[in-house]
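Reading through the structure tokens given below for one structure.
These numbers come from a predicted model, not from an experiment. Protein chains get the first letters and strands the later ones, always in sequence-line order, with residue 1 at the start of each.
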Number of protein chains: 2
Amino acid sequence: MRMHNPPHPGEIIKALCLEPVGLTVTEAAEGLGVSRKTLSAILNGRSGISPEMAIRLSIAFNTSAESWLSQQVQYDLWHAEQGRKALKVVKLAA
Amino acid sequence: MRMHNPPHPGEIIKALCLEPVGLTVTEAAEGLGVSRKTLSAILNGRSGISPEMAIRLSIAFNTSAESWLSQQVQYDLWHAEQGRKALKVVKLAA
DNA sequence: GCTATCGTAACCTGACACGTTACAGATTAC
DNA sequence: GTAATCTGTAACGTGTCAGGTTACGATAGC
């Protein structure tokens, strides 16, 4: 269990994909084939990276879809771990 | 992009967690703190592993939540890749 | 002033995780 | 044969979330 809150993948997209190339949100959304609202929600951490979006990112920015989803998993898992103690689970194996 | 359809994580749960210990679906569902229907749906590939379920599995079977979610990502991604050509995405970076 | 960009608030749809209840089929115990 | 158990699953509900369109206010550049 990691100590620090991992950043949501939207921050990485903004920092590594949009800003270096000077892409606006509107332009990037058009290129990705999604609405401006959808991309904006991701960039601001209000939506996660869906498998489909990961593939869009991999095509547009020549990256690995798996890496985007992995970052999303880290993010989701960290938040789910915060409610770990609320789960009533019995140990079934040593 | 992998060639072969990865198995859904439910098959791994059944093969690696339930059968070796002789656990029934009903018993495992009770131990995990979910309904029998929920676990059954996962085992038969009709539901995916949510972050919360991954944590339940990690507690009950003393495994890594991340590994369960990684397998789920592989599964989801493979299926999303099947519809890759339907996505209208423009290359935005070299 | 005019235009572009951006965040975001409505609204909608569809998908999916999860729950309870109930049923049918198979298996096992008596 | 009968009862008990396990299983899958259909039929209802819930809440959440990705995605869309439309529209508004704020901020910047010309």
Each nucleotide of nucleotides 25-30 of chain D classed B (base within 4.0 Å of a protein heavy atom), S (only sugar-phosphate) or -, in 5' to 3' order, makes ------
Would you say A:Gln72's side chain and A:Ile49's backbone share a donor-acceptor pair under 3.5 angstrom? yes
[Y] side chain reached by [X] side chain, heavy atoms, under 4.5 Å:
{"X": "A:Leu43", "Y": "A:Leu18", "result": "yes"}
{"X": "B:Leu57", "Y": "B:Ile13", "result": "yes"}
{"X": "B:Ile12", "Y": "B:Pro7", "result": "yes"}

Is there any ring-ring contact (aromatic ring centres under 6.0 Å, His included) pair reaching into residues 6-30 of chain A, and which pairs are they, with sequence neighbours excluded?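 Every pair satisfying ring-ring contact (aromatic ring centres under 6.0 Å, His included) with a residue in residues 6-30 of chain A: A:His8-A:Tyr75.
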Take the protein atom [atom1] of [X] and the nucleotide atom [atom2] of [N], then report the distance between them rounded to whole Å.
{"X": "A:Arg46", "N": "D:dC17", "atom1": "CZ", "atom2": "P", "value": "11 Å"}
{"X": "A:Leu57", "N": "D:dA18", "atom1": "CG", "atom2": "P", "value": "14 Å"}
{"X": "B:Lys88", "N": "D:dG20", "atom1": "NZ", "atom2": "P", "value": "12 Å"}
{"X": "B:Asp76", "N": "D:dC17", "atom1": "CG", "atom2": "P", "value": "17 Å"}

CA sep, side-chain torsions, deciding dist, call: A:Trp68, A:Ser58, side-chain hydrogen bond (donor to acceptor under 3.5 Å, both in side chains): CA-CA 8 Å; A:Trp68 293 114; A:Ser58 72; over 6 Å; no
Mind checking what makes side-chain hydrogen bond (donor to acceptor under 3.5 Å, both in side chains) contact with [X], not counting sequence neighbours?
{"X": "B:Thr26", "value": "none"}
{"X": "A:Thr38", "value": "A:Ser35"}
{"X": "A:Ser67", "value": "none"}
{"X": "B:Ser64", "value": "none"}

Residue-level proximity of residues 33-44 of chain B to DNA chain D when a heavy atom falls under 4.0 Å: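 DNA chain D contact set from residues 33-44 of chain B: B:Arg36, B:Lys37, B:Ser40, B:Asn44.
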Range on DNA chain C touched by chain A - first to last nucleotide, heavy-atom distance under 4.0 Å: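 Range of nucleotides touched by chain A: C:dT5 to C:dA10.
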At a heavy-atom distance below 4.0 Å, what parts of residues 19-27 of chain A sit against DNA chain C?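 Hits under 4.0 Å, by residue number: A:Thr24, A:Val25, A:Thr26.
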Please identify each residue that fulfils side chain to side chain contact (heavy atoms under 4.5 Å, CB included) with A:Leu87, with sequence neighbours left out. A:Val89, B:Glu52, B:Ile55, B:Arg56
With rounding to the nearest 0.5 Å, note down the distance linking OG in B:Ser50 to CG in B:Leu69. 8.0 Å
Which pairs, with at least one residue in residues 8-37 of chain B and sequence neighbours excluded, count as a salt bridge (Lys or Arg N to Asp or Glu O under 4.0 Å)? none
